Amino acid sequence: MITRIFGLSIVITVFSLVVAYLYGGLTALALCAILGILEVSLSFDNAVINATVLERMSEFWQRIFLTVGVLIAVFGMRLVFPLAIVWVTAGLNPVEAFDLALNPPADDAAYFPDGSASYETLLTDAHPQIAAFGGMFLAMLFLNFIFEDREITWLSWLEKPLAKAGKLDMLAVVVAGTGLVLVAEFLADADDRSTVLVSGLLGLIVYILVDGLGSMFHTEEFEEGPQGGPSTLVKATGKAAFFLFLYLEVLDASFSFDGVIGAFAITSDPIIIALGLGLIGAMFVRSITVYLVRQGTLSDYVYLEHGAHWAIGALATILLVSIGVHVDELITGLIGVAFIGAALVSSVMRNRKAEPDAVEDAKESAPVS
């Protein structure tokens, strides 16, 4: 199973590294490998969240996610999106933006001798809008999770009180909106306040719209298992699956923002970024997602979903804080890994504790001979 799931990702990784070497020698190869590792480390929580949604979709739509979704992730978010940002903010057409990306100033300077900004500078200047949109989308995802009453809790001392507070309608919107106003007022530059507010509001609207459309077409229907066994959840198809797919793509885009911006601390070459973040990173994130679904990992390790959402909350906070304060990409990646790792350890400990109890229950229920 591992070979089947990760085989294509491994092949594409080798292909990408070869292309990077042919494109720019050993330096380009090393940069490509670093970006691939960066993307996977930053997006492991993305894979866990993807898996929670993907397991609700039919096999057909899972394949769509792994084919069409990959094209969107690689060429849409890792190549076209940065060019589009430069295109819009600098008034350049796509061809001019791509040419600007491929021909940076000498010595990686921020500006050309004539005073015009480099591709990296233009994209970095757009960071407040990007961070506000992505931060608000991810914040809504996190808040809706922690304000929902759940049978299983991980950080019970915190999650249970938050779930009680979540009985107040639209509390997630109130908290997220308040956070956005505070960020715009105290962290954003005066010139960026209006764009931060608009971008953040758009992120909130997009989340509500996409999540609402998915909920509209999602009905939890159950069918009897084989030979009268336990009932199983019917996989989403049609419109329901389409909106889940759309939700996954917007989610991937929000997760990608920090990776794309962080990549410019390593290189501004769009080809290397597309190879490293896109082909290597995005493919492995999707393979990890499928592995989690096929192995039933989320069912076996019940706290992983909780850990991933807390990691998302941390990432959303970092994105919003980064509007006014630089946050090192290493911190972003390590926080996500820390939450996932802690949730995994807690899940293992829970399973070990549950095994003796299950054996004891089986003995008590066994018929007396």
Side-chain angles (χ1 to χ4, degrees), residues 1-51 53-55 57 59-84 98 101-102 245-246 248-295 297 329 333 336-337 340:
M1 176 180 285
I2 293 179
T3 303
R4 186 169 70 251
I5 293 175
F6 289 93
L8 181 60
S9 296
I10 294 172
V11 170
I12 288 179
T13 295
V14 174
F15 170 79
S16 301
L17 293 175
V18 170
V19 171
Y21 175 76
L22 295 176
Y23 174 73
L26 289 175
T27 300
L29 185 149
L31 293 174
C32 182
I34 291 171
L35 288 175
I37 295 171
L38 172 69
E39 178 71 359
V40 174
S41 65
L42 288 175
S43 300
F44 194 83
D45 48 354
N46 186 9
V48 175
I49 298 301
N50 284 349
V53 178
L54 201 64
E55 64 183 3
M57 300 166 68
E59 281 197 28
F60 170 78
W61 280 98
Q62 289 181 9
R63 287 195 298 270
I64 291 294
F65 173 73
L66 294 172
T67 52
V68 178
V70 167
L71 293 177
I72 295 174
V74 174
F75 297 102
M77 284 309 303
R78 276 74 176 185
L79 182 61
V80 177
F81 172 73
L83 293 172
F98 190 67
L102 290 177
F245 171 78
L246 183 62
L248 280 174
E249 291 308 313
V250 178
L251 181 63
D252 178 73
S254 299
F255 272 103
S256 300
F257 292 148
D258 63 319
V260 171
I261 298 299
F264 281 86
I266 299 172
T267 179
S268 60
D269 192 311
I271 303 300
I272 301 300
I273 291 176
L275 290 171
L277 293 188
L279 286 176
I280 297 177
M283 280 299 299
F284 263 100
V285 169
R286 275 157 172 71
S287 293
I288 294 171
T289 299
V290 174
Y291 178 80
L292 294 174
V293 174
R294 297 285 191 268
Q295 292 290 99
T297 306
E329 289 75 23
V337 171
I340 296 293

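Just so you know, these numbers come straight off a predicted model, no measurement behind them.
For the residue pair Leu17 and Cys32, the shortest heavy atom distance occurs at CD2-SG, 4.1 Å. Between Ser16 and Leu275, the shortest heavy-atom contact is O-CD1, 4.0 Å. Pairing each heavy atom of Thr297 with each of Tyr291, the nearest pair is OG1-O, 4.2 Å. When all heavy atoms of Leu292 and Ala51 are compared, the closest pair comes out as CB-CB, 3.8 Å.
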Tell me, with the steps shown, if Phe6 and Ile288 meet side chain to side chain contact (heavy atoms under 4.5 Å, CB included). CA-CA 8 Å; Phe6 289 93; Ile288 294 171; 4.0 Å; yes

Could you walk me through whether Ile280 and Leu35 pass the side chain to side chain contact (heavy atoms under 4.5 Å, CB included) test, one step at a time? CA-CA 8 Å; Ile280 297 177; Leu35 288 175; over 6 Å; no

Decide yes or no on side chain to side chain contact (heavy atoms under 4.5 Å, CB included) for Ile64 and Val68, but give the supporting numbers first. CA-CA 5 Å; Ile64 291 294; Val68 178; 4.2 Å; yes

Can you check side chain to side chain contact (heavy atoms under 4.5 Å, CB included) on Met283 and Leu8, steps first, answer last? CA-CA 8 Å; Met283 280 299 299; Leu8 181 60; 3.9 Å; yes

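With rounding to the nearest 0.5 angstrom, the CG atom of Leu54 is 10.5 Å from the CZ atom of Phe245. Atom OG1 of residue Thr27 and atom OH of residue Tyr21 lie 10.5 Å apart, to the nearest 0.5 angstrom.
A 4.5 Å side-chain heavy-atom check between Tyr23 and Leu29 finds every atom pair outside the cut-off.
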